[in-house]
Amino acid sequence: MHTRPIWAEISRSRLISNFKKLQAVAAPHAGLLAVVKADAYGHGVPLCAPWLAEAGAGWLGVTSIEEGVAVRRLCPQARILGMCGLWPGEEDAVLEHTLVPTVWTVQHIDLLVRAARQRNAAASSIPVHLEIDTGMSRQGVALDELLAILDRIRATPALYLDGVFTHFASPEMLDSPQTDVQQQRFARALKIIATAGFHPTWIHAGNSSTLLAQDRLASLAALARQYNAKFLVRPGLALYGYALPFVQADGAPAQKMPVALEPVLRWKTRIAALRVVEAGAAVGYGATFVAAQTMRLALLPVGYADGLNRRLSNCGNVLVRGHRAAIVGRVSMDLTIVDVSKISDVAVGDEVALIGEQTAPNGTILRVTAEDQARWAGTISYEILCAISVRVPRVGVE
Ligand SMILES: *Cc1c(COP(=O)(O)O)cnc(C)c1O
């Protein structure tokens, strides 16, 4: 039961339109693996995964086996990549729900061997993708351990190497020397893999920024072509309508955004109460805001337990009746106060956009985006979106 007026509207048409635009950017070089990890970046996997599959996403990416199982129930046909390795106890679910696991350690392979034996899995019946650590020092096998892992895969007849991939650390930096090095190491890894007699069907690399920057797509695709593999890019954030700003190798901002993406999520609430306070009135915990004159304040039934970042305290704004209303005082766990002194006709029950658009009285469109909130809170749009909590129902809209 959701009766508190706080909800997130998830736009089907915007998600599909973003997907198609990204698909068009990729098309000369690559297919897409649509990343739906972290509950589709907070947008709700139950809504987004089927919409993406319907729009033509053949591959969906998750970062836990649990998420993979949930996506399998929603999308019976999709290829689902668990981009996360696997933990003991997850190997049966991988096979039962025909997820494609990422492997890069001997332990990952041993888990699959056990599960395969139990099921009497046929030869070459279990696809795995191998992640290469090309310079992020996070997941993936290092180049000097690659041969050992390949031997282990070869020694396991039930497994076959369906894909090989890597992940870039600084894809939003154009002409990044770090990405150059990563790409060279990836090329070396692919050569080692081919020389060892493996012929993966899929080779993938890059995220939203790689796709939107475009400059590496041709060379990465050429690399895959060299081994008769299909090349995929793995966008996540861009599907939901956001992108990190590009920077030059020296850190200076760079303009480069070939596609107009639209935010898929609108985060809304309603005014719970209004009050007029006199000059000198303290607002919220710690009295971090004190009214300098008579003010009209609106109480919103949303707080950091809903995912509204506490660093928006005394910073940032929301939209009410086509006007911006500043957040005053501290964001509390369940409540936030905004200044509506200059907004005439404001009333209890008015819809408030925490993230979204409203039309101003002069006809211009006002927006608050997850990127705005990220700037105010000193973080990135990814975190703002993922932080919207389970207390906020996701509602599908056209
Ligand atoms: C999250 C993730 C992506 C998508 O990244 P975005 O920046 O959201 O496009 C791609 N690949 C891997 C391995 C990831 O973990």
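Whatever order the structure lists ligands and atoms in, that order sets their numbers, starting from 1.
- With no hydrogens or angles considered, a side-chain donor-acceptor pair links Ser219 and Gln183 at under 3.5 Å.
- Using a cutoff of 4.0 Å between basic side-chain nitrogens and carboxylate oxygens, Arg152 and Asp110 are scored as salt-bridged.
- Between Arg391 and Asp334, at least one side-chain nitrogen of the basic residue sits less than 4.0 Å from a carboxylate oxygen of the acidic one, meeting the salt-bridge criterion.
- Using a 4.0 Å cut-off between a side-chain N of Lys or Arg and a carboxylate O of Asp or Glu, Arg266 and Glu351 do not qualify as a salt bridge.
- Aromatic pair Trp59/His129: ring centres closer than 6.0 Å.
- Protein residues with a heavy atom under 4.0 Å from ligand 1 are Val35, Lys37, Tyr41, Met83, His167, Asn207, Ser208, Arg234, Pro235, Gly236, Leu237, Tyr382.
- Between Glu9 and Lys268, at least one side-chain nitrogen of the basic residue sits less than 4.0 Å from a carboxylate oxygen of the acidic one, meeting the salt-bridge criterion.
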